[in-house]
Amino acid sequence: MADPKGFLSTPRVGAPTRPIEERRQDWSEVYVPGGLLPIISEQAGRCMDCGIPFCHNGCPLGNLIPEWNDYAYRGDWTAASERLHATNNFPEFTGRLCPAPCESACVLGINQPAVTIKNVEVTIIDKAWDNGDVTPQPPERLSGKTVAVIGSGPAGLAAAQQLTRAGHTVAVYERADRIGGLLRYGIPEFKMEKRHINRRIEQMRAEGTKFRTGVQIGTDLDAAKLAKRYDAVVIAAGATQWRDLPVEGRELAGVHQAMEYLPLSNKVQEGDFVAPPITAEGKHVVVIGGGDTGADCVGTAHRQGALSVTQLEIMPRPSDERPAHQPWPTMPMVYKVTSAHEEGGERVYAVNTVRFTGDENGRVRELHLIEVVFEGGTFVAQEGTERIIPAELVTLAMGFTGTDQGNGMIEQLGLELDARGNIARDGAYATNVEGVFVAGDAGRGQSLIVWAIAEGRSAAKEVDTYLMGLPSALHAPIRPTDRPLTV
Ligand SMILES: Cc1cc2nc3c(=O)[nH]c(=O)nc-3n(C[C@H](O)[C@H](O)[C@H](O)COP(=O)(O)OP(=O)(O)OC[C@H]3O[C@@H](n4cnc5c(N)ncnc54)[C@H](O)[C@@H]3O)c2cc1C
Ligand code: SF4
């Protein structure tokens with residue numbers, strides 16, 4: 001156990017962030033570089049090493065949290081990194097981006113602020129990279145089997161790394177020009193700098209994983225032919241089919257999907273453009289949708305120099321405290337203030353968009369909204385509450401409806417979909433097509449990075465078993481049907 005009295009004597013302290021005025025001027029991560037190091041061992045010492053660590057179950061990866069808290073408390077960063085990597089291929093992604101359902105399940109959280117598990121995680125992995133503890137782990141021998149992974153987001157990368165390390169020859173196919181999925185083109189630099197992806201890719205290349213970018217399976221390469229060339233295929237193509245807003249004025253210039261807007265900003269940071277082709281500079285910006293994607297638009301718009309940013313959400317404002325029907329140790333829906341929200345903007349709840357109006361050049365100028373109440377399973381507009389707000393750039397961040405069905409991959413392989421538009425799979429991540437498996441958002445719908453990594457690991461175990469005809473020694477945290485304590 002870490003510090004036996006730590007939970008009594010040490011208050012929770014979060015990660016120190018840079019001043020808002022400073023970070024709105026740049027794209028670097030919002031945290032003070034190295035700011036956690038002086039405080040983190042003491043914070044890890046708050047862990048009670050509970051007899052039943054509910055945090056294990058709260059984390060979809062089953063991370064061995066009390067074990068690495070103990071090592072972090074003692075300053076044994078190498079041992080901490082070894083225990084962390086036992087269940088998580090990419091702790092630098094989750095340690096920065098995970099909403100930490102483990103902390104909602106922390107036993108200390110019943111009557112005190114939970115242990116800062118996510119911050120311990122990110123400190124361990126950052127130290128491990130600094131200390132040279134993260135090295136390539138190529139397989140000792142090759143199996144002679146080949147696997148194609150379609151999609152290079154966290155699910156595809158986790159599956160590819162596990163299968164490469166198990167001795168299979170793995171090629172990752174990615175339609176974008178760079179590897180990383182939504183980690184690369186979606187999540188902004190200020191939440192996670194892309195250098196973290198780049199050095200993992202280097203590690204994976206050194207282990208033997210091959211990467212093919214700019215190849216869309218279905219259009220550039222026939223999916224059925226690809227499946228014939230490989231002994232197994234893992235589809236990790238994400239759930240990038242966006243939800244639209246079919247209201248009057250949707251066609252006006254300046255109304256964009258969030259995922260048309262955000263990747264262009266990522267591309268500026270990569271050095272592809274000097275200025276983003278769609279920019280918030282000097283504009284009144286409205287973001288429709290109150291989730292992670294919307295928050296990323298808010299932070300991006302502020303950095304681009306927006307005049308104002310308003311974020312609209314159809315649901316009512318969540319409560320500050322855990323609601324009674326979402327008791328510990330579940331992950332509750334509570335009011336969240338992300339780093340992007342700290343930086344400014346207005347959040348408006350329980351409103352729906354009625355229409356957009358534009359100027360004589362066909363550019364959006366205003367958004368007409370109305371207050372709504374959720375009654376009898378539907379949103380009911382409240383007469384007399386319509387109002388108009390300025391809107392010169394609108395981003396739609398209203399969620400995703402399933403995996404992309406427009407590139408021919410599904411038909412070429414003859415894949416079945418489930419009722420929610422995801423690729424159907426059984427309890428072993430297998431689709432209806434022999435030798436074709438599915439992991440991450442493509443199978444479960446738009447979710448979280450931690451789930452994508454967990455599914456990539458678990459699918460890899462099933463693929464390894466399928467290829468070798470023997471029970472696999474790979475670690476697998478979850479099955480597709482598992483719904484432990486989290487979203
Ligand atoms: C803007 C935004 C912000 C988010 N922020 C967070 C966050 O802070 N924390 C969090 O936990 N989650 C967040 N999420 C959700 C998280 O990013 C996803 O759940 C996660 O990336 C899913 O991983 P994946 O590997 O299944 O798919 P993806 O990351 O979507 O990767 C799929 C990849 O497959 C490629 N692909 C698709 N079809 C083909 C094809 N036919 N041929 C070749 N390649 C193909 C795509 O180009 C893509 O690169 C966010 C999502 C968005 C949109
Ligand atoms: S991956 Fe997420 S849920 Fe798991 S320990 Fe890290 S922060 Fe917690």
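Computed over heavy atoms, backbone and side chain alike; hydrogens, waters and symmetry mates excluded. Every number for a ligand or one of its atoms is a count from 1 in the order of the listing.
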Where is the nearest protein heavy atom to [atom]: which residue, which atom, and how far?
atom: atom 37 (C) of ligand 1; answer: A237 O, 3.2 Å
atom: atom 4 (Fe) of ligand 2; answer: C59 SG, 2.4 Å
atom: atom 6 (Fe) of ligand 2; answer: E121 OE1, 2.1 Å
atom: atom 5 (S) of ligand 2; answer: N63 ND2, 3.4 Å
atom: atom 19 (O) of ligand 1; answer: D441 OD2, 2.9 Å
atom: atom 9 (N) of ligand 1; answer: L97 O, 2.8 Å
atom: atom 10 (C) of ligand 1; answer: I449 CD1, 3.5 Å
atom: atom 2 (Fe) of ligand 2; answer: C98 SG, 2.3 Å
atom: atom 27 (O) of ligand 1; answer: G238 CA, 3.4 Å
atom: atom 52 (C) of ligand 1; answer: T293 OG1, 3.6 Å
atom: atom 29 (O) of ligand 1; answer: L182 N, 3.0 Å
atom: atom 6 (C) of ligand 1; answer: D292 OD2, 3.6 Å

Show which atoms of ligand 1 fall inside a sub-4.0 Å distance from at least one heavy-atom site of [X].
X: Q216; answer: 41 (N), 42 (N)
X: G440; answer: 26 (O)
X: G151; answer: 33 (C), 34 (O), 35 (C)
X: A236; answer: 32 (C), 33 (C), 34 (O)

Main-chain N/O of [Y] paired to [X] side chain as donor or acceptor, under 3.5 Å:
X: E29; Y: E193; answer: yes
X: K461; Y: S472; answer: yes
X: Q311; Y: V298; answer: no
X: R212; Y: V172; answer: no

What about [X]: any of its N or O atoms under 3.5 Å from an N or O on ligand 1?
X: E174; result: yes
X: R175; result: yes
X: I150; result: no
X: C98; result: no
X: I217; result: yes

**Asked** Does the ring centre of Y173 sit less than 6.0 Å away from the ring centre of F211?
**Response** no
**Chi angles and distances behind the side-chain hydrogen bond (donor to acceptor under 3.5 Å, both in side chains) call for T94, N88** = CA-CA 9 Å; T94 46; N88 188 355; 3.0 Å; yes
Element-labelled atoms of ligand 2 that are located less than 4.0 Å from some non-hydrogen atom of [X]:
X: V450; result: 1 (S)
X: T94; result: 1 (S)
X: I65; result: 5 (S)

Record the part of [X] in heavy-atom contact with ligand 1 below 4.0 Å; permitted values are side chain, backbone, both and neither.
X: T403; result: neither
X: A155; result: both
X: L262; result: side chain
X: N407; result: side chain
X: D296; result: side chain
X: Q446; result: side chain
X: F400; result: side chain
X: R184; result: neither

**Asked** Centre of Y31's six-membered ring, under 6.0 Å away, within 45 degrees of the axis: is that where NZ or CZ of R18 sits?
**Response** no
**Item:** Candidate pair R184 and E189, rule salt bridge (charged side-chain N to carboxylate O under 4.0 Å, His left out), full reasoning
**Value:** CA-CA 9 Å; R184 172 80 63 184; E189 195 85 4; over 6 Å; no
**Prompt:** Relative to the ring of W328, is the ring of F54 parallel (under 30°), tilted (30 to 60°) or perpendicular (over 60°)?
**Reply:** tilted
**Fill in**
Closest to atom 14 (N) of ligand 1 by heavy-atom distance, out of A397, A223, G186, S447, is S447
**Asked** Heavy-atom distance to atom 8 (O) of ligand 1: which of R96, M259, K191, R178 wins?
**Response** K191
**Prompt:** What pair of heavy atoms forms the shortest contact from I65 to C59, and how long is it?
**Reply:** CD1-CB, 4.4 Å
**Asked** Any idea which heavy atoms bring Q304 and P276 closest together, and the distance?
**Response** NE2-CG, 3.6 Å
**Item:** Sub-4.0 Å heavy-atom approach of T94 to ligand 1
**Value:** no
**Asked** P154: heavy atom below 4.0 Å from ligand 1, yes or no?
**Response** yes
**Complete:** Checking V450, I187, L183 against F93 for side chain to side chain contact (heavy atoms under 4.5 Å, CB included), the one that qualifies is L183
**R83 and E67: CA distance, side-chain angles, deciding distance, salt bridge (charged side-chain N to carboxylate O under 4.0 Å, His left out) verdict** = CA-CA 7 Å; R83 296 318 287 145; E67 291 186 39; 2.9 Å; yes
**Message:** Assess, by modelled atom type and distance only, whether the side chains of T209 and T164 contain a donor and an acceptor separated by less than 3.5 Å.
**Reply:** yes
**Prompt:** Under 3.5 Å, is there a donor-acceptor pair between the N119 and Q43 side chains?
**Reply:** no
What I'd like to find out is whether the side chain of [X] reaches to under 4.5 Å of the side chain of [Y], using heavy atoms alone.
X: N89; Y: H85; value: no
X: R347; Y: E313; value: no
X: I235; Y: F437; value: no

**Message:** What's the separation between atom CD in E462 and atom CZ in R457, rounded to the nearest 0.5 Å?
**Reply:** 13.5 Å
**Message:** Taking backbone and side chain together, does C102 place any N/O/S atom at a distance below 2.8 Å from atom 4 (Fe) of ligand 2?
**Reply:** no
**Request:** State whether D222 and R229 are salt-bridged, where the test is any N-O pair (Lys NZ or Arg NE/NH1/NH2 against Asp/Glu carboxylate O) under 4.0 Å.
**Result:** no
